[in-house]
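Just so you know, residue 1 is the first one in the sequence shown, and it goes up from there. We count ligands from 1, going down the list as the structure has it; atoms in each ligand are counted the same way.
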Amino acid sequence: MKLHWKILIWMAAGIIVGFAFQKLLDGPASAGASVADGPAGGVVITKLSDHGMGKPDKATGEPPFAVGDQISAIVLNRGQTGKEAVYPTPNADEFTAQIGEIEKGSVVWFQLSDGKVRSATLPIDPDSQLSTWVEPFSFIAELFMQLLKMLIIPLVLTSIITGVAGLGGGRDFGRLGGKTFGYYILTSGLAAVTGLLLVNLIKPGIGAELGLDKTAGFGDREESFMGIFLRMIPENVFSAFSQNGQMLQVIFFALMFGYFITKTQEKERKLLLDFFTACFSVMMKLATFALSLVPYGVFCLVVKVVAQTGIGVFQPLFWYMLTVFLGLVIHSCVTLPMVLKFVGGISPWKWGNAMSPALLTAFSTSSSAMTLPVTIDSVEKRGGVSNKVSSFVLPLGATVNMDGTAIYECVGVIFLAQYYMGDQFALIDQLKVVMLAMLASIGAAGIPSAGIVMMFTILSALNLPLEGAALILAVDRPLDMCRTMTNIWSDSCGTAIVAKSEGETLFGPGTSDSGPSVHDAVAST
Ligand code: ASP
């Protein structure tokens with residue numbers, strides 16, 4: 001059976017099993033905090049775990065609550081006309097009972113005894129029956145992701161070094177680099193502008209009921225975006241190699257290293273090139289092996305995500321999610337296919353078909369970096385692109401070229417600006433958002449939820465309250481899955497266009513539509 005059908009079938013099975021778990025074994029939400037009766041009524045937090053109220057904030061790294069905080073009431077649907085409900089918490093027993101009735105995944109506000117209100121997203125109770133059943137799937141999904149993560153740094157390093165060194169430095173390097181970056185900038189720009197137009201057309205933030213304090217002090221933390229460029233150069237390459245989040249640094253080093261290999265003497269150049277090419281071959285064998293596991297990994301990942309995600313939390317953010325989703329669909333199904341067709345002269349349908357294993361892996365892992373081994377494999381074996389082009393364009397693209405993330409940043413930030421300021425968000429600021437969204441898409445690491453971390457940075461650069469991003473965090477996962485798919489789709493289209501412009505023939509005789517099997521991988525090792 002063709003690989004993409006196999007993945008799709010397993011993915012569909014994952015959705016069914018996940019939903020069945022959710023319906024049959026639904027578990028209560030968990031506060032992630034232990035409480036005791038407060039001295040003057042209410043409750044006082046005695047212990048925090050690492051989820052719910054104790055989950056560290058993405059922006060500050062600190063949890064929103066602290067041991068010793070006194071809570072006097074739970075507020076549900078805060079700010080939603082006719083739906084807001086305030087439940088005073090007279091004692092610890094009552095508090096636990098109230099939390100038990102809240103739908104998992106909901107954002108809940110807690111009123112503190114000093115009058116302040118803070119929010120937390122309440123996940124499913126880790127001790128519930130549902131969690132117990134999902135656990136084995138979660139475990140296998142984690143194993144699969146660890147395997148993909150293991151490949152990232154060595155794959156990026158060896159593929160860029162061989163790619164750049166193999167170009168022979170000088171002209172080829174400049175030409176390929178120019179085309180690649182030209183494509184990245186063109187498509188990220190188109191993506192951000194699509195987001196801008198849609199968010200202004202649909203206006204999801206105007207009149208939205210998010211329950212955030214509109215009078216909240218606007219941030220004064222000016223983040224320097226130029227910092228992205230500064231962070232690109234590693235202080236210490238070995239510490240960069242030890243973190244998957246530091247891909248830009250690894251790429252920078254690999255580009256330089258590869259380039260300067262071409263400047264060494266013939267003997268050294270040959271030795272180094274042979275060595276890195278050999279390492280890269282091993283990494284590709286490993287990637288091919290990982291590809292054969294994709295259907296099962298995807299199945300477990302989907303079971304986990306579907307079973308643990310409540311549907312109710314999506315309601316207040318429905319228009320926002322729809323706007324992001326529409327942007328991604330337009331960019332992936334209209335803009336990029338047009339670029340592919342008219343700039344590259346390549347059939348979008350045929351190319352999309354060849355890329356399906358990579359796209360489905362991106363969707364289920366929410367990570368461009370983790371998908372990279374599968375992307376390289378699909379582009380070379382199914383698309384027929386040479387290793388010279390793919391090993392240069394793809395690792396770079398997985399970190400630098402994120403069209404889906406650019407759309408997401410643009411829509412998310414303007415959505416929150418619309419919520420806080422209505423129609424007052426000036427055009428010049430909107431254009432600033434477009435620029436920042438493009439930069440954020442370059443700076444975001446290809447890992448799950450990297451986009452939301454960048455959103456905190458944009459919000460603080462614009463002096464908007466960060467609380468809003470914490471709220472949309474609750475619905476980030478499905479959007480992350482979709483935007484990562486767009487990111488990978490754009491990377492692969494770029495590779496095809498660059499390869500074509502270099503005179504390569506796509507879908508040549510050596511390409512296979514069904515992808516290699518485990519047997520191929522094992523037999524040829
Ligand atoms: N998860 C995305 C990716 O890896 C990045 C993001 O969060 O936008 O492509």
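- Close approach to T405 involves these atoms of ligand 1, each under 4.0 Å from a residue heavy atom: 5 (C), 6 (C), 8 (O).
- Taking the ring centroids of F276 and F257, they lie under the 6.0 Å cut-off.
- Of the protein's heavy atoms, G451 N, 2.7 Å lies nearest to atom 7 (O) of ligand 1.
- Listed by atom number, the atoms of ligand 1 under 4.0 Å from A450 heavy atoms are 7 (O).
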Test side chain to side chain donor-acceptor pair (under 3.5 Å) on S501 and K179 and set out the steps.
-> CA-CA 9 Å; S501 75; K179 283 181 197 169; 2.9 Å; yes

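- Here the CG-CZ distance, from N236 to F241, works out to 9.0 Å after rounding to the nearest 0.5 Å.
- Summarising the contacts of atom 1 (N) of ligand 1 with D480, I488, T486, the nearest heavy atom is found in D480.
- Screening I160, V164, I161 against Y259 for a side chain to side chain contact (heavy atoms under 4.5 Å, CB included) leaves a single residue, V164.
- Here A362 has no heavy atoms under 4.0 Å from ligand 1, in either its backbone or its side chain.
- Note on residues 403-412: pairs passing side-chain hydrogen bond (donor to acceptor under 3.5 Å, both in side chains), not counting sequence neighbours, are T187-D403, S188-D403, H331-D403, D403-S490, T405-N487, Y408-D476.
- Here the SG-CE distance, from C300 to M145, works out to 11.0 Å after rounding to the nearest 0.5 Å.
- Scanning all protein heavy atoms for the shortest distance to atom 2 (C) of ligand 1 gives T484 OG1, 3.3 Å.
- Taking any N or O of I452, backbone or side chain, none lies under 3.5 Å from an N or O belonging to ligand 1.
- By the criterion of a heavy-atom distance under 4.0 Å, the side chain of R483, and not its backbone, is placed next to ligand 1.
- Among the atoms of A369, none of the N or O lies under 3.5 angstrom from an N or O of ligand 1.
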Can you list the steps and then say if T495 with D491 is a side chain to side chain donor-acceptor pair (under 3.5 Å)?
-> CA-CA 6 Å; T495 320; D491 291 345; over 6 Å; no

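- Here is the list of ligand 1 atoms found below 4.0 Å of a heavy atom in S367: 4 (O).
- The side chain to side chain donor-acceptor pair (under 3.5 Å) check on S441 picks up nothing, with sequence neighbours excluded.
- Listed by number with element, the atoms of ligand 1 under 4.0 angstrom from any heavy atom of S449 are 7 (O).
- The N/O atoms of I447, backbone and side chain alike, include one that comes under 3.5 Å of an N/O atom in ligand 1.
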Using the side-chain contact (heavy atoms from CB on, under 4.5 Å) rule, take V389 and S386 through it: C-alpha gap first, then chi angles, then the decisive distance, then the call.
-> CA-CA 6 Å; V389 171; S386 73; 3.7 Å; yes

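- Heavy-atom proximity to S368, at under 4.0 Å, picks out these atoms of ligand 1: 3 (C), 4 (O), 9 (O).
- Residue-level proximity to ligand 1 for S366 is carried by the backbone, the only part with a heavy atom below 4.0 angstrom.
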